[in-house]
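For reference, the structure discussed in these notes is given below.
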Amino acid sequence: MYAPPVFHRPLGSTGRRRTGVLTAVAGLVVSLLAFVPSTPADAAPSLLSQGKTVTASSQENYGTPAASAVDGDNGTRWSSAASDPQWIEVDLGSAASVSQIALKWETAYAKSYKIEFSTDDSNWSTAYSTAAGPGGNETLNVSGTARYVRLTGTTRATQYGYSLWEFQVFGTTGGGGGPQIPGGGDLGPNVLVFDPSMPNIQAKVDEIFKKQESAQFGTGRYALMFKPGTYNNLNAQIGFYTSIAGLGLKPDDTTFNGDVTVDAGWFNGNATQNFWRSAENLALNPVSGTDRWAVSQAAPFRRMHVKGGLNLAPNGYGWASGGYIADSKIDGQVGPYSQQQWYTRDSSIGSWGNGVWNMTFSGVEGAPAQSFPNPPYTTLDTTTVSREKPFLYLDGNDYKVFVPAKRTNARGVSWNGTPQGSSIPLSQFYVVKPGASAATINAAVQQGLHLLFTPGVYHVNQTINIDRANTVVLGLGLATIIPDNGVTAIKVGDVDGVKLAGLLVDAGPQNSQVLVQVGPDGASADHSANPTTVQDVFVRVGGAGAGKATTAMVINNDDTIIDHTWLWRADHGDGVGWETNRSDYGLQVNGDDVLATGLFVEHFNKYDVRWSGERGKTIFFQNEKSYDAPNQAAVQNGSTKGYAAYKVDDSVTTHEGWGLGSYCYYNVDPTIIQGHGFEAPVKPGVKFHDLLVVSLGGQGQYEHVINNTGAPTSGTSTVPSNVVSFP
């Protein structure tokens, strides 16, 4: 987005149905996580034993069968009778090259035991033995070929039987299967990790900012990570493609007596191009009492605690247009000043200063009361469903990724008290670095690893497929994925609980039909208990160079949560033109029960958003129509003047939206008319609250807000036309 010079002074069922029990059972099966143990960075072999046939000499009771030791669930176990010896044996199904055994003992462990291999379940060889087993979690490096792997306990450490949470066998099949993908490892040169004892932190942060301050379409990518502790007299200015974050489990674990600052000096006080940066998981004591975060799209402010005020406008109150806060606590006042629109979710604020066009809140303690359009506040007491973004943190000296739990009817921050969720060791991630191929990335996922993309630009010649339930795909420092040959960059299967977060997907020069696809065509599984989340995933067509895509993002999976995305067909930069960076559609939603919280979609050649699934909900939508349409004929949609910014299909019976805005700025042909910004069937179940359209400086006009409802924009006055309720 680049809003033109508009200054505002501060103001005081036809859908697919689910297949019921059968689908639920299938969803349970595919949702089992492939557990990968903590291993050295140079060895993360493939898990071969999970779900395989297993037998044992005995079991303690009906609740502790042998199968519980190979089910991938660290809360179920096999337990034997209380006598010696006892054994448990797994059939891998075919001969494999076995390289590692992981044992997760319950309190009742084996002091003496042996591991044996066999290819025929008759002739056995000893691969490992000990008379001094330590219990707990044991990782054994072994070597040999086996179809059958047996553990025999000969001396118990307690009076009870042998008890294993998990008995895991790792290796390769099919003649070795090639090298295995290592889990864990270092985070690469563009992740800068600081601790309070380090000298010259300010100088290093300033060095990164100098590189990135005006590098709007550059290739530099950086993550500034701060270990828990207190940092004094620090002002971290954040430029393009730079993320700053604390490495504690909670924001208050990492405190700055100072600021995290975004301003617009590089662009003469105009903040409408302050894109692609982020701040997360820090506590700030601003030097002046108020921190400045003057941004527009794709610049999330998450899991932050500002012990003072927060100013969302650049110095001098220049232009600013759009932003996002989630899971944050601002003790003082949030002052948007010249910000034209903003969305705040599941947070706590001392107060809110003013509103220009569209200020939307859901689940925010201290939010102003509902009052749209004067002041233009849209306020929902809670957010129906949310799950915060995964984040990297330090547990002692060990890196882990925390995955927050799903919340329903959320209000306020998620981190009061003990954070709810689960931790995944870095050893269970393939730490992706620039130069990694799509084939390697896919092999890591198939092997059972999650993905952590370090800062950089990644070219892929095949689709990255995320077909395993609960897989976390987390990018640091606006890690950027570019499909080189017209493929879809990322596809998610019809599986539970995938988390896509912190990525920028750039269209390549050869047209991609879709850049990000969540769920295959016709997806129908019920994911309501464990939805996929798409968070801070940004898509760009053009700007950084030639790029084309028919559709930026398609959501086929039911129950998906889109939590802050900016889908942008570039209006400036390189490779920009009506046909040069052609992209007809921004977001296509086919899944049922999809929720969008913080939806930013701009400048597509036809529909920016088209919603075909049932029971969809959107809380906050910000849009600009394409600037560069050459004439009325280029945007004509049959007998309709222009394509709606947000269209709900005629077949849909239930849909609801709150706080939605669309703007036009047809600077090539200012005579272009948009028939309406929004289009929806007139049905009792289709409801919209607090809609607006704006002609920016009279460059094009809207005839109506939604369908044939709402006053037209007129003349050169940049004043919204509003509809409070539809129908």
Side-chain angles (χ1 to χ4, degrees), residues 13-20 22-33 385 387 406 438 441-442 445-446 450-451 460 462-473 481 483 487-501 503 505 512-539 549-565 567 585-597 599 601 607 609-618 648-649 651-652 654-655:
S13 153
T14 56
R16 296 170 290 109
R17 297 309 309 147
R18 300 181 172 120
T19 55
L22 291 176
T23 300
V25 171
L28 176 62
V29 172
V30 299
S31 68
L32 295 175
L33 266 173
V385 183
R387 182 171 61 207
K406 186 185 78 170
I441 294 167
N442 283 330
V445 175
Q446 293 166 8
H450 305 275
L451 301 176
V460 296
Q462 59 181 265
T463 298
I464 297 171
N465 289 299
I466 312 299
D467 291 325
R468 196 182 76 250
N470 298 305
T471 302
V472 175
V473 182
I481 299 171
V487 299
T488 295
I490 301 173
K491 285 185 180 179
V492 176
D494 195 5
V495 297
D496 273 359
V498 171
K499 293 92 180 171
L500 297 182
L503 296 168
V505 176
S512 294
Q513 287 299 309
V514 180
L515 289 172
V516 177
Q517 181 174 322
V518 178
D521 295 342
S524 60
D526 183 344
H527 303 296
S528 56
N530 186 12
T532 285
T533 47
V534 179
Q535 299 177 289
D536 301 346
V537 173
F538 310 124
V539 177
T550 303
T551 305
M553 182 181 290
V554 174
I555 305 295
N556 291 321
N557 278 359
D558 292 348
D559 309 294
T560 301
I561 300 172
I562 308 168
D563 179 44
H564 190 223
T565 189
L567 313 179
Y585 309 106
L587 173 67
Q588 172 68 51
V589 179
N590 299 316
D592 293 341
D593 301 288
V594 172
L595 170 65
T597 52
L599 183 58
V601 188
Y607 293 119
V609 172
R610 184 168 182 175
W611 209 294
S612 305
E614 283 289 353
R615 297 176 300 281
K617 295 180 179 179
T618 294
V648 180
D649 279 0
S651 61
V652 172
T654 305
H655 188 91

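Throughout, residue positions are numbered sequentially from 1 according to the sequence presented.
- Between Val492 and Gln517 there is no side-chain heavy-atom pair separated by less than 4.5 Å.
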For this session: Walk me through it: do Asp536 and His564 pass the test side-chain hydrogen bond (donor to acceptor under 3.5 Å, both in side chains)?
Result: CA-CA 5 Å; Asp536 301 346; His564 190 223; 2.9 Å; yes
Problem set entry | CA sep, side-chain torsions, deciding dist, call: Ser528, Asp559, side-chain hydrogen bond (donor to acceptor under 3.5 Å, both in side chains) | CA-CA 5 Å; Ser528 56; Asp559 309 294; 4.8 Å; no
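- When all heavy atoms of Met553 and Leu567 are compared, the pair lying nearest together is CE-CD2, 3.9 Å.
- Looking only at distances, no side-chain donor or acceptor of Glu614 sits under 3.5 Å from a matching main-chain atom of Gly616.
- The side-chain heavy atoms of Asp494 and Asn557, taken from C-beta on, include a pair separated by under 4.5 Å.
- Taking both residues in full, the closest heavy atoms of Val514 and Thr488 are given as O-OG1, 2.9 Å, listed atom of the first, atom of the second, then distance.
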Exercise. Does the side-chain hydrogen bond (donor to acceptor under 3.5 Å, both in side chains) test come out yes or no for Arg387 and Thr533, once each step is laid out?
Worked result: CA-CA 8 Å; Arg387 182 171 61 207; Thr533 47; 3.3 Å; yes
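- Legend: residues meeting side chain to side chain contact (heavy atoms under 4.5 Å, CB included) with Ala596, ordered by chain and number and at least two apart, are Ile562, Leu599, Trp611, Thr618.
- The shortest heavy-atom contact between Val601 and Leu587 is CG1-N, 4.5 Å.
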For this session: Give the C-alpha distance, both sets of side-chain angles, the deciding distance and a yes or no for side-chain hydrogen bond (donor to acceptor under 3.5 Å, both in side chains) between Ser612 and Gln588.
Result: CA-CA 8 Å; Ser612 305; Gln588 172 68 51; 2.9 Å; yes
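- Shown here for Val472 and His450, the closest heavy-atom pair between the two residues is N-ND1, 3.0 Å.
- Applying the 6.0 Å contact sphere to NZ of Lys406 captures more than 12 heavy atoms from other residues, nucleotides or ligands.
- A heavy-atom distance below 4.5 Å is found between the side chains of Leu451 and Ile441.
- Side-chain contact between Val652 and Thr654: absent, with no pair of heavy atoms (C-beta onward) separated by less than 4.5 Å.
- Val445 and Asn465 get closest at one heavy-atom pair: CG1-O, 3.9 Å.
- Judged by distance alone, with hydrogens and angles left aside, the side-chain atoms of Lys499 form a donor-acceptor pair with the main-chain N or O of Gly497 at under 3.5 Å.
- The only member of Thr532, Val495, Asn530, Val498 that meets side-chain contact (heavy atoms from CB on, under 4.5 Å) when paired with Asn470 is Asn530.
- The nearest pair of heavy atoms linking Val539 to Ala552 is CG1-CB, 3.7 Å.
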